[in-house]
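These numbers come from a predicted model, not from an experiment.
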Amino acid sequence: EHGIDPEKYDGGYWQDNVPIREHRHVIGHAVRMVYLMAGATDLAALTGDAELIRMLDRMWRNTTERNMYVTGGIGSSAANEGFTADYDLPNFTAYQETCASIAMVIWAHRMNLLHGDARYADVMERSLYNGVLAGVSLDGTRFFYVNPLASRGTHHRRAWYGCACCPPNVTRTLAQLGGYVCAVSPGALWVNLYVAGTVEAELDGRKVLLEVATDYPWDGTVRLSPKLDSPFRFQLRLRVPGWCAGESVRVKGTPVAGPERERGYIVLDREWSPGDEVVLELPMPVQRSAAHPKVKENVGRLAIQRGPLVYCLEGVDHEADVHRIALPPDSPLTPESRSDLLGGVVVLKGEGTVDTGRTDWTRRLYAPVPETTTVAVTAVPYYAWDNRAAGGMAVWIPVIPPPPASTGPETRAEVSMSFVSSNCQPEGIRDGVEPARSSDQPALSCHWWPHKGSEEWVQYSWPKALRLAGTRVYWFDDTGRGECRVPRSWRLEYQDGDQWKPVRTTGLFEIALDRWCEVEFDPVETRALRLVVLMKPGFAAGVHEWQVLESPDHQ
């Protein structure tokens, strides 16, 4: 069916690896997987198939408890636009396709209808307000296909994509927003999203209008007014978001003490009359979130949330590099309404710390901690990032200033290349971000595309000579989505006066995917080292990371 040898076919990419009722964990292409689950949820609702429902509950837990970003998006890997392993949720290389966030809204909505439980609407809201909204610029003209949770300032929305699924999908979703706000069941109107406007629904054959007035998500006060010609008894079920504590409700100005609650909803069961008004108060304190310890990249980092919105730091608001700023857990963050910023938002203001210098780890195992200084911090909603000047962005903020990611001789070198295109960032070759796979899409991408089949080089140059004796290379290969492959061959050359000479080694210049390729060579004294690659015919090549090793006997 897919043009693959049946002996090698496992079907994982298409969720075709096991019969539908036997799925136990997410696999393959993220959008396909969740669309499949959404369809299966519709089928389960129609048939009551208990085995199918058990599968859906398993898959929901695996998705939301082990494979979902704090922004409600899914799909960590660019290689398959989908899933890898539980808790593999990188930040810079997060794929989190806009369509996958939309798929989560679609599936969460259906699971909410199936089970009548607010926790599914919690995920629907999280995905909608963060993952989906980030997919479109504030003026509606540019779009994200990929939504990382950290950037060095090189990732931007585009006006269109050759694979044009995300732009029309996000606009279609926003146009259908009204269909997600409320739900009905016999004798009950369920309010899942607090959006200003008028809801029209039919309950037990009678039309009901519900007017909603609110400044949500900036403010947690929601006023709901049933518009009736005559008294009518029905249940008004108000979702209490999972992020909220200390909620309260008033009916006709009178507080409701100990209101009935069921599966995350306040249940107001009464005869409603013309002129009735319900006021729901949802406190919105600033909250810090920690990731599960198995999410290795976020150990020692916290994310910021207020109400349903996840926040981030953007370079345009800070003089310091946002990736060097730390935010202690006890550092207060104060909401501030800014009608003049990003179409009108609530920002979070506070103070963080940044180190005043870089530690030189050359030939050192331990070193004093650099002094830190206090810096002003402004956090903005994640959905609104990259709508101003280009710059870094981070969702997960360290609680103490982080050490530099890499400490080898390459960090002290100047980088140059034989060819640099408009979407190549040479600094990516030594940014210290070690990939999990060759297919990872790096935040800073070092490659020679669109040159193909040619011999190219990348060079490190130092102000004074070093004694070098080895190197490590991690190759970039975007098979399935691009034109970069591992090279046909490679070698190392060092500068000796005005000449470039090959290093002498008894080992091979290995070429392999998904791991470091290392080679040792006879020590050389040099001020410059070149990595020379011969690319495969018809293909470009790229390098995730290139590290240089000093001679162990160098004094």
Side-chain angles (χ1 to χ4, degrees), residues 21 34-65 68 72 102-129 173 176-195 197 199-210 212 216 222 224 226 232-245 247-249 251 256 258-272 278 280 282 308:
R21 291 173 178 80
V34 180
Y35 281 175
L36 175 64
M37 294 299 107
T41 307
D42 280 346
L43 184 62
L46 289 169
T47 64
D49 186 323
E51 191 176 1
L52 197 59
I53 292 173
R54 282 195 295 272
M55 180 278 296
L56 289 164
D57 291 341
R58 285 198 306 269
M59 294 294 282
W60 177 265
R61 290 194 300 272
N62 183 251
T63 303
T64 60
E65 296 173 9
M68 186 177 74
I102 292 170
M104 283 303 295
V105 171
I106 292 171
W107 187 25
H109 174 61
R110 283 159 168 76
M111 291 293 282
N112 174 259
L113 296 178
L114 179 67
H115 289 300
D117 194 312
R119 62 194 175 103
Y120 301 103
D122 285 346
V123 172
M124 178 174 68
E125 180 182 68
R126 180 178 295 273
S127 301
L128 182 65
Y129 275 82
T173 301
Q176 292 179 320
L177 180 62
Y180 296 112
V181 170
C182 288
V184 295
S185 66
L189 178 62
W190 308 59
V191 184
N192 284 317
L193 298 176
Y194 297 109
V195 179
V199 175
E200 180 177 321
E202 186 174 301
L203 290 178
D204 301 333
R206 182 169 173 177
K207 185 172 74 171
V208 174
L209 293 180
L210 181 69
V212 181
Y216 192 96
V222 185
L224 307 102
F232 180 36
R233 187 180 189 90
F234 64 90
Q235 290 182 355
L236 185 60
R237 291 178 170 250
L238 306 178
R239 170 180 153 259
V240 178
W243 49 260
C244 182
E247 69 283 353
S248 63
V249 63
V251 178
V256 179
E260 180 185 351
R261 298 169 186 269
E262 186 177 350
R263 296 193 300 277
Y265 291 89
I266 290 175
V267 182
L268 301 176
D269 188 347
R270 56 177 284 142
E271 183 175 80
W272 300 95
V278 176
L280 177 66
L282 301 171

Residue among Val212, Leu210, Val251, Val191 satisfying side chain to side chain contact (heavy atoms under 4.5 Å, CB included) with Val278: Val251
Gap separating the CG atom of Leu114 from the OG1 atom of Thr41, nearest 0.5 angstrom: 6.5 Å
Closest non-hydrogen atom pair, Glu125 against Pro241: OE1-CB, 4.3 Å
Passing candidate, side chain to side chain contact (heavy atoms under 4.5 Å, CB included) with Met111, options Thr64, Val123, Asp117, Leu56: Leu56
Arg21 CZ to Glu51 CD distance, which is reported to the nearest 0.5 Å: 6.0 Å
For Ile53 against Ala44, the heavy-atom pair lying closest together: CG1-CB, 3.7 Å
Interatomic spacing from CG in Asp49 to CE in Met55 - rounded to 0.5 Å: 9.0 Å
Heavy-atom pair of closest approach, residues Tyr194 and Arg239: OH-O, 2.5 Å
Euclidean distance, Arg110 CZ relative to Asn112 CG, rounded to 0.5 Å: 11.5 Å
Approximate separation, where rounding is to 0.5 Å, of Leu203 CG and Ser185 OG: 8.0 Å
side-chain contact (heavy atoms from CB on, under 4.5 Å) assessment of Asn192 paired with Met124: CA-CA 9 Å; Asn192 284 317; Met124 178 174 68; 4.1 Å; yes
Closest heavy-atom pair and its distance - Ala201, Val184: CB-CG1, 3.9 Å
Where Gly72 and Ser127 come nearest, the two heavy atoms and their spacing: O-OG, 2.8 Å
Val256/Ile266 under side-chain contact (heavy atoms from CB on, under 4.5 Å): CA gap, chis, key distance, verdict: CA-CA 10 Å; Val256 179; Ile266 290 175; over 6 Å; no
Ring geometry between Trp107 and Trp60 (parallel below 30°, tilted from 30 to 60°, perpendicular above 60°): perpendicular
Nearest-0.5 Å distance, CG of residue Leu282 to CD of residue Glu247: 7.0 Å
Test side-chain contact (heavy atoms from CB on, under 4.5 Å) applied to Arg237 and Glu262, step by step: CA-CA 9 Å; Arg237 291 178 170 250; Glu262 186 177 350; 3.1 Å; yes
Tyr180/Leu128 under side-chain contact (heavy atoms from CB on, under 4.5 Å): CA gap, chis, key distance, verdict: CA-CA 10 Å; Tyr180 296 112; Leu128 182 65; 5.7 Å; no
Nearest atoms (heavy-atom pairs only) where Ala40 meets Leu52: O-CD2, 3.5 Å
